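First the structure, in the form of structure tokens, and then the observations on it.
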Amino acid sequence: MLRSNLKPGSTSWAVRRTQWKFLGLSEEDFERPKIAVINTSSTLSSCYIHLDDISEKVQEGIRRAGGVPFEIRTTAPSDFITNAGREGRYILPSRDLIVNDIEVMVEGALLDGMICLSSCDKTAPAHMMAGARLNIPTIIVPCGYNKGGMCGKAFVDIDDVFESVGKISKGDLSVDQLTDMTNVGITTPGVCAGMGTANTMHILAEALGMTLPGIAPIAANSPKLYEFIERSSRRIVEMIHEELTPRRILTVEAFENAVRVALAIGGSVNSLRHLSAVAAEAELDVNIVQVFERIVEESSLLVNVRPNGPDHIEDLEQAGGAMGVMKQLEDKINQGILTVSGRTVGENLQELKEVDEKIIRSSNDPWRKTSGLVILRGNLAPEGAISKASSAPEDKQFFEGTAKVFNSGTKAIEALEQGAIQPGDVVVIREAGPKGGPGTLLTASHFIASLTGAGMNEEVAVITDGQNSGLNRGILVSQIMPEAAEGGPLAVVKEGDAIQIDLINKKINVLISDEELQNRLEEWVPTEKEVPRGWLKIYQKVVQSGNKGSILLE
Ligand code: FES
């Protein structure tokens, strides 16, 4: 019995039947699985511009497989488009807006399953969170990465554009030259090339078992993507008949696999928050920060895609992708985990023909012996913080410097432009976390990109309770927990304090006595902030702490 088949004779059944008859549903259709095609799409951004075409193909595929598709559109945030207003505060809250958007439409309509077209950073996490919350058959389709183009004799992609901005203030690049780069930095639809948050989360969706095996990463609009679209459309209909729901897939062991893959690929730091959020929505009793801390000890960096190293995301796709990484970790991952394919991880891996070890190294011959991501603790981060150690040079894994404190990324950028940031500084960007922002300030990541462009990212460290972009590089610590707005120790750092960051020993400390820190915390008063009326104000009232992935539910 499908839940979408309402009780004949009831009011809901009658009015719904009338509407759907008008839409052209046949008598047979009423008996078929009704499937939401979650088209998180907008014409504002190149990340989404191909999704309407994909949605049509998915709907055709579902009909061919014996289901009835209904397209559902949600809010569609892009980190590089919907970031301009209010210092980018909308970006993280947009993830949870998508989750609730899906709940309203899919649960409200009692649809039987959903296929989610994931693209820009927040979409794959949001889609998995919604699947975990509603627990109806759900399959994720990562809709691929974009490509750059030639600017004169040099290849340029969005990563180059992002990082070149800071060269202008240094006089190393003119606005005209940057304009030329922007003309060719993106030449196809899809998510930012490189191991940013979007590609990381596409790969981790596969590692969790929520996509068909072999899909991530994938070039947008490639024939291979369209093959996966057809297969995924068929598969969601089967999953409904099999009652294969997300909570059968999203087990603690599946999250351990995902964390192992995140560490091996040097994935985006934002994966910590997003995996925590998916686990929280699945109501799993697991602390993902602690899973990272445990698994990091046995992990090394097997993949060296930009911004970590010289390889491109297409190299990873051709070398074997997420499955290739899992194959290299075969002796460590949990192979018995069920996936949306209906088979286990181990069974999926048996189908992988070969892995190009020049790109996806083996654990015996890694790019780096230590993993890409580390969790730091210390008097500044009692509940943890994350750093992408692989985006800092190997000889810069220890940094001690002087605090320069800002409550806004924009103010930090102004200070950089005025020459007020010097080598040896530790730039503190606080009040930038989910509650403090409210919503994490994306300007923190813009500051880091400017720092890189100014050639100072090896001489200046940045620490924040907000987020970085997965494309940032340098000595960076983000998601310091508890955040300053919750009274975390970051709130009481003073200009001129000495701060020590040790990525090898996984420590972050402000070098003051315990007594001094305690006194400052006792005297601390929360910053009064005028939050404009609207979604951000609602978000601030309900957002949970970082170690629960900053979701909106208790
Ligand atoms: Fe959408 Fe980068 S802005 S993936």
Side-chain angles (χ1 to χ4, degrees), residues 39-52 54 74-85 87-95 97-98 116-128 140-149 156-165 181-182 184-205 215-221 225 265 267-271 273-274 305-308 312-314 316-317 388 391 439-446 448-449 452 467-473:
N39 184 10
T40 296
S41 164
S42 142
T43 57
L44 265 174
S45 157
S46 56
C47 314
Y48 298 117
I49 204 68
H50 54 320
L51 262 58
D52 285 355
I54 292 177
T74 73
T75 196
S78 160
D79 278 37
F80 287 154
I81 298 289
T82 39
N83 65 355
E87 290 204 64
R89 286 179 171 89
Y90 285 110
I91 282 296
L92 183 63
S94 67
R95 180 195 70 182
L97 197 56
I98 297 172
C116 302
L117 310 184
S118 302
S119 188
C120 198
D121 297 18
K122 304 298 168 287
T123 58
H127 294 160
M128 289 191 283
I140 306 294
V141 180
C143 291
Y145 58 81
N146 67 29
K147 292 188 179 172
V156 166
D157 67 14
I158 185 66
D159 199 9
D160 299 304
V161 173
F162 186 57
E163 289 193 344
S164 296
V165 177
M181 293 172 73
T182 63
V184 296
I186 294 177
T187 58
T188 67
V191 301
C192 296
M195 195 55 81
T197 304
N199 278 316
T200 298
M201 292 312 300
H202 292 182
I203 290 168
L204 298 189
I215 194 171
I218 192 163
N221 279 357
L225 176 58
I265 62 175
S268 161
V269 289
N270 298 321
S271 58
R273 194 191 304 282
H274 296 321
V305 164
R306 297 178 77 195
N308 300 327
H312 290 90
I313 195 77
E314 43 267 67
L316 176 59
E317 180 186 349
K388 194 183 225 184
S391 66
T440 52
L441 302 190
L442 221 57
T443 43
S445 83
H446 295 179
I448 298 161
T452 304
Q467 69 173 63
N468 301 334
S469 161
L471 296 178
N472 285 139
R473 59 180 109 199

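Here the structure is a predicted model, which means the values were calculated and not measured. Heavy atoms only: backbone and side chains are in, while hydrogens, waters and symmetry mates are out. Every number for a ligand or one of its atoms is a count from 1 in the order of the listing.
Shown here are the side-chain hydrogen bond (donor to acceptor under 3.5 Å, both in side chains) partners of Asn146, two or more places apart in sequence or in another chain: there are none. Not counting sequence neighbours, Thr200 has no partner by the side-chain hydrogen bond (donor to acceptor under 3.5 Å, both in side chains) test.
At least one heavy atom of Ser78 sits less than 4.0 Å from an atom of ligand 1.
In this structure, OG in Ser271 is found 8.5 Å from NZ in Lys388, a value given to the nearest 0.5 Å. Annotation: the span from Asp121 atom CG to Arg95 atom CZ amounts to 12.0 Å, rounded to 0.5 Å.
For ligand 1 and Asp121, the ligand atoms under 4.0 Å from any heavy atom of the residue are 4 (S). Those atoms of ligand 1 that come under 4.0 Å of a heavy atom in Cys47, given as number and element, are 1 (Fe), 3 (S), 4 (S).
At a cut-off of 2.8 Å, Cys192 coordinates atom 2 (Fe) of ligand 1 through an N, O or S atom.
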